[in-house]
Amino acid sequence: MSMIAAFYGGKSILITGATGFMGKVLMEKLFRTSPDLKVIYILVRPKAGQTLQQRVFQILNSKLFEKVKEVCPNVHEKIRAIYADLNQNDFGISKEDMQELLSCTNIIFHCAATVRFDDTLRHAVQLNVTATQQLLLMASQMPKLEAFIHISTAFSNCNLKHIDEVIYPCPVEPKKIIDSLEWLDDAIIDEITPKLIGDRPNTYTYTKALGEMVVQQESGNMNIAIIRPSIVGATWQEPFPGWVDNLNGPSGLIIAAGKGFLRAIKATPMAVADLIPVDTVVNLTLAVGWYTAVHRPKSTLVYHCTSGNFNPCNWGKMGFQILATFEKIPLERAFRRPYADFTTNNFTTQYRNAVSHRAPAIIYDFYLRLTGRKPRMTKLMNRLLRTVSMMEYFVNQSWEWSTYNTEMLMSELSPEDQRVFNFDVRQLNWLEYIENYVLGVKKYLLKEDMAGIPEAKQHLKRLRNIHYLFNTALFLIAWRLLIARSQMARNVWFFIVSFCYKFLSYFRASSTLKV
Ligand SMILES: CCCCCCCCCCCCCCCCCC(=O)SCCNC(=O)CCNC(=O)[C@H](O)C(C)(C)COP(=O)(O)OP(=O)(O)OC[C@H]1O[C@@H](n2cnc3c(N)ncnc32)[C@H](O)[C@@H]1OP(=O)(O)O
Ligand SMILES: NC(=O)C1=CN([C@@H]2O[C@H](COP(=O)(O)OP(=O)(O)OC[C@H]3O[C@@H](n4cnc5c(N)ncnc54)[C@H](OP(=O)(O)O)[C@@H]3O)[C@@H](O)[C@H]2O)C=CC1
């Protein structure tokens, strides 16, 4: 019997960010392995015209939850969606709901965050720092609370090359930042943002670091732990391989490459691609929840959930395998054939952006205009290039994360728990994982039918022929123009033609002699 699964039995668990990528997998695993848990409270806001109930209904009726319904048929009754907007004071939670949360919660998993790289400092602080502070305040009033697990990111200290499992202080105290954002206007905040984030690449990593500081400062005598996952990717094994439902991290770029939009990227092939499957992160999170509540470590422990030092894969290998998978299983209606050139040179990047990205987009938009349709490719390409430029920081360097706490936890688990809550990425076969990831992107994110693969392959063949035809026509036009304008080009042309003529005459003469 799994000790961890048994631990969550009968518990009331509060999850923030349950509608997000990681939150859904966390809920799924909890229900599947501990169907006798009492209740999962989830803090949800209405979104995209959907009420809370509609959002929950959609999640529970998705493919991800198919296995859960078999082991926990009354899952609908065990999930309690509570209206909450983490941007509001007290999260906008009603008095009755707050009372219930305060008096019943045993474990908190705080996953909610803004993960956008380009968020304003005000918004990123509000969600990643102030909301964390408020949740800790709530937690401190929960008499039955056994553990508070905060999800951060391995990149919260990406300004360092070697990162230990400790909380690093930021130069300006989070409280001072929260206070000053209250009275500073947006223009001034924009001006000081680069100075505050310093050598971090964006507001996301900076505010996640501030969030960790807040956790440390407000921990009181609660049992708290911090998990730092690296780049979270599709599921490895559970509930089935390849599940993914948003464009964050590599997923969006995998699609862009598969559809033929992204043809070159400034990336260092030998840099470590520190990807970690979402189910691995969830398994570690649940094991940490159990360990923190049962063993009550004296201080706040930080756990790195990374792959690089256990089982490294680099961007070159990853890119190659992504493209190899698209050869076998192409995406439908690709814009161009999938191909990706990795370059580390700025000039080559600019050149490839102009020739391989912007020019085809402009030509395609011209074609759309000619056929009376609305041009859209240039806009899409600009967005994609902006996204790619934000990812460049992460694909051109390697980091080293120490993993003593994670390894210690692994050794504390019983063999059964090591199997049920496996977070040992040494067992991960990258080629297989990436293939399943690409397949998952096609099936679960793009919702493409596998029956369409032969047609997609035909489409790629047509694209290849168009590509050859286009290049030949372009060459002939360029040559014709050159000949018309340059004596040198005419001389070269004359030389080539006469050389070919002589070669043919010689060949004909020698074959006649033989006869
Ligand atoms: C073979 C070669 C393949 C090479 C693969 C190499 C892979 C490299 C991957 C490197 C990943 C590095 C990640 C580092 C993660 C750090 C760890 C964390 O904690 S970080 C936690 C993880 N956090 C993140 O990963 C956050 C990254 N994302 C962001 O910060 C923002 O989305 C944004 C700033 C990039 C775009 O903002 P904005 O322009 O306002 O746009 P909106 O958001 O409103 O969406 C607009 C449109 O763009 C679409 N779309 C969206 N995302 C992507 C994408 N990634 N891609 C493509 N498309 C994307 C979206 O669907 C929408 O389409 P439509 O509906 O209009 O048709
Ligand atoms: N994905 C990754 O690569 C990595 C993620 N992480 C961390 O993991 C955690 C989960 O990330 P992930 O699941 O990928 O992120 P998602 O963007 O998929 O999910 C974010 C969640 O936060 C919720 N949320 C955001 N704003 C509010 C708000 N104002 N009120 C209530 N809820 C809100 C979202 O709700 P809604 O659905 O309503 O928008 C959603 O449920 C985050 O803390 C992130 O920093 C760490 C490393 C890598």
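Just so you know, ligand 1 is whichever comes first in the structure, and atom 1 is the first atom listed for that ligand.
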- Nearest-contact summary for atom 20 (C) of ligand 2 - protein heavy atom, Å: Ala113 O, 3.7 Å

- Query: Just heavy atoms, cut-off under 4.0 Å: does Lys47 contact ligand 2 by side chain, backbone, both, or neither?
  - Reply: side chain

- Report yes if Met22 has an N/O atom closer than 3.5 Å to an N/O atom of ligand 2; otherwise report no. yes

- Note on the structure: Closest to atom 47 (C) of ligand 2 by heavy-atom distance, out of Ser230, Ala154, Cys305, is Ser230

- Task: Report the part of Asn128 (side chain from C-beta onward, or backbone N, CA, C, O) that has a heavy atom under 4.0 Å from ligand 2; answer both or neither where that applies.
- Result: neither

- Could you label the plane-to-plane angle of the Phe117 and Tyr204 rings as parallel, tilted or perpendicular, counting under 30° as parallel and over 60° as perpendicular? tilted

- Would you say the side chain of Phe335 lies within less than 4.5 Å of the side chain of Pro360, judging by non-hydrogen atoms? yes

- Query: Are Trp430 and Gln321 close enough that some pair of their side-chain heavy atoms sits under 4.5 Å apart?
  - Reply: no

- Item | Row check, Phe240 ring normal vs Lys63 NZ/CZ: under 6.0 Å, within 45° | yes

- Quick one: sort the Trp399 and Tyr393 rings into parallel, tilted or perpendicular, breaks at 30° and 60°. tilted

- Taking only non-hydrogen atoms of Thr153 and a 4.0 Å limit, the atoms of ligand 2 in range are 46 (C), 47 (C)

- Message: Checking side-chain polar atoms at under 3.5 Å, does Thr344 have a donor or acceptor matched by the opposite partner on Asn396?
- Response: no

- Considering only protein heavy atoms, which is closest to atom 26 (N) of ligand 2, and at what distance to one decimal place? Leu127 CD2, 3.1 Å

- Give a yes or no on whether Tyr168 atom OH has more than 12 heavy-atom contacts from other residues, nucleotides or ligands under 6.0 Å away. yes

- Message: With a heavy-atom distance limit of 4.0 Å, tell me whether Asn246 approaches ligand 2 through its side chain, its backbone, both, or neither.
- Response: side chain

- Message: Would you compute the distance between atom CG of Leu368 and atom OG1 of Thr378 and round it to the nearest 0.5 angstrom?
- Response: 9.0 Å

- Task: Report the C-alpha separation of Leu181 and Gln126 in whole Å, then their side-chain angles, then the decisive distance to 0.1 Å, and conclude whether the side chain to side chain contact (heavy atoms under 4.5 Å, CB included) test is met.
- Result: CA-CA 9 Å; Leu181 290 186; Gln126 174 58 48; over 6 Å; no

- Item | Axial cation check for Phe421 ring with Lys29, 6.0 Å and 45° limits | yes

- Note on the structure: Per-atom filter on ligand 2: closer than 4.0 angstrom to a heavy atom of Ile151 are 7 (C), 8 (O), 9 (C), 43 (O)

- Among Ile231, Leu52, Val115, which residue places a heavy atom closest to atom 17 (O) of ligand 2? Val115

Between the protein and ligand 1, are there any N or O atom pairs that come within less than 3.5 Å of each other, and if so, what are their names and distances?
unit_1   : atom_1 : unit_2 : atom_2 : d
ligand 1 : 19 (O) : Thr153 : OG1    : 3.1
ligand 1 : 19 (O) : Tyr204 : OH     : 2.7
ligand 1 : 23 (N) : Val115 : O      : 3.2
ligand 1 : 25 (O) : Gly249 : N      : 2.7
ligand 1 : 30 (O) : Phe117 : N      : 2.8
ligand 1 : 37 (O) : Arg116 : NH2    : 2.8
ligand 1 : 39 (O) : Arg386 : NH1    : 3.1
ligand 1 : 40 (O) : Arg116 : NH2    : 2.6
ligand 1 : 43 (O) : Arg116 : NH1    : 3.1
ligand 1 : 55 (N) : Leu247 : O      : 3.2
ligand 1 : 66 (O) : Arg383 : NH1    : 2.8

- Just wondering, do Glu212 and Arg228 contact through their side chains at under 4.5 Å, heavy atoms? yes

- Task: Enter the distance from Thr207:OG1 to Asp119:CG here, rounded to the nearest 0.5 Å.
- Result: 8.0 Å

- Message: For Tyr437 and Ser251, which I'm curious about, is there any donor-acceptor pair between the side chains at under 3.5 Å?
- Response: yes

- Does an N or O anywhere in Gly23 fall below 3.5 Å from an N or O of ligand 2? no

- Quick one: look at Arg55 and ligand 2, take heavy-atom pairs under 4.0 Å, and tell me if it's side chain, backbone, both or neither. side chain

- Note on the structure: Ranked by distance from atom 29 (N) of ligand 2, the top protein heavy atom is Asp85 OD1, 2.9 Å

- Task: Look at the aromatic rings of Tyr8 and Phe109 and report parallel, tilted or perpendicular, splitting at 30° and 60°.
- Result: tilted

- Subset of ligand 2 atoms that lie under 4.0 Å from at least one heavy atom of Ala112: 22 (O), 23 (C)

- Item | For atom 27 (C) of ligand 2, the protein heavy atom that lies nearest, with its residue and separation | Arg45 CZ, 3.5 Å

- Item | Euclidean distance, Leu384 CG relative to Phe261 CZ, rounded to 0.5 Å | 8.5 Å

- Contact partition for Lys208 relative to ligand 2, non-hydrogen atoms under 4.0 Å: side chain

- Query: Heavy atoms only: which of Cys111, Ala84, Gly17 is nearest to atom 9 (C) of ligand 2?
  - Reply: Cys111

- Examine Gly20 against ligand 2 and note whether any of their N/O atoms are separated by less than 3.5 Å. yes

- How long is the span from the NZ atom in Lys161 to the OG atom in Ser398, to the nearest 0.5 Å? 7.5 Å

- Task: Can you pull out the closest protein heavy atom to atom 35 (O) of ligand 2? Residue, atom name and distance to 0.1 Å, please.
- Result: Thr19 OG1, 3.2 Å

- Message: Checking Lys175 against Gln217: is there a side-chain donor and acceptor pair closer than 3.5 Å?
- Response: no

- atom 3 (O) of ligand 2: nearest protein contact (heavy atom, Å): Val232 N, 3.1 Å

- Note on the structure: In terms of its nearest heavy atom to atom 44 (C) of ligand 2, the top option of Phe155, Tyr83, Phe21, Tyr204 is Tyr204

- Message: Any non-hydrogen side-chain atom of Glu218 less than 4.5 Å from a side-chain atom of Thr132?
- Response: no

- Message: Which of the numbered atoms in ligand 2 are under 4.0 angstrom from any heavy atom belonging to Asn87?
- Response: 29 (N)

- Message: I need the nearest protein heavy-atom contact for atom 30 (N) of ligand 2: residue, atom name and distance, please.
- Response: Leu86 N, 2.9 Å

- Message: If you take the nearest heavy atom of each of Gly249, Ala48, Ser152, which one is closest to atom 46 (C) of ligand 2?
- Response: Ser152

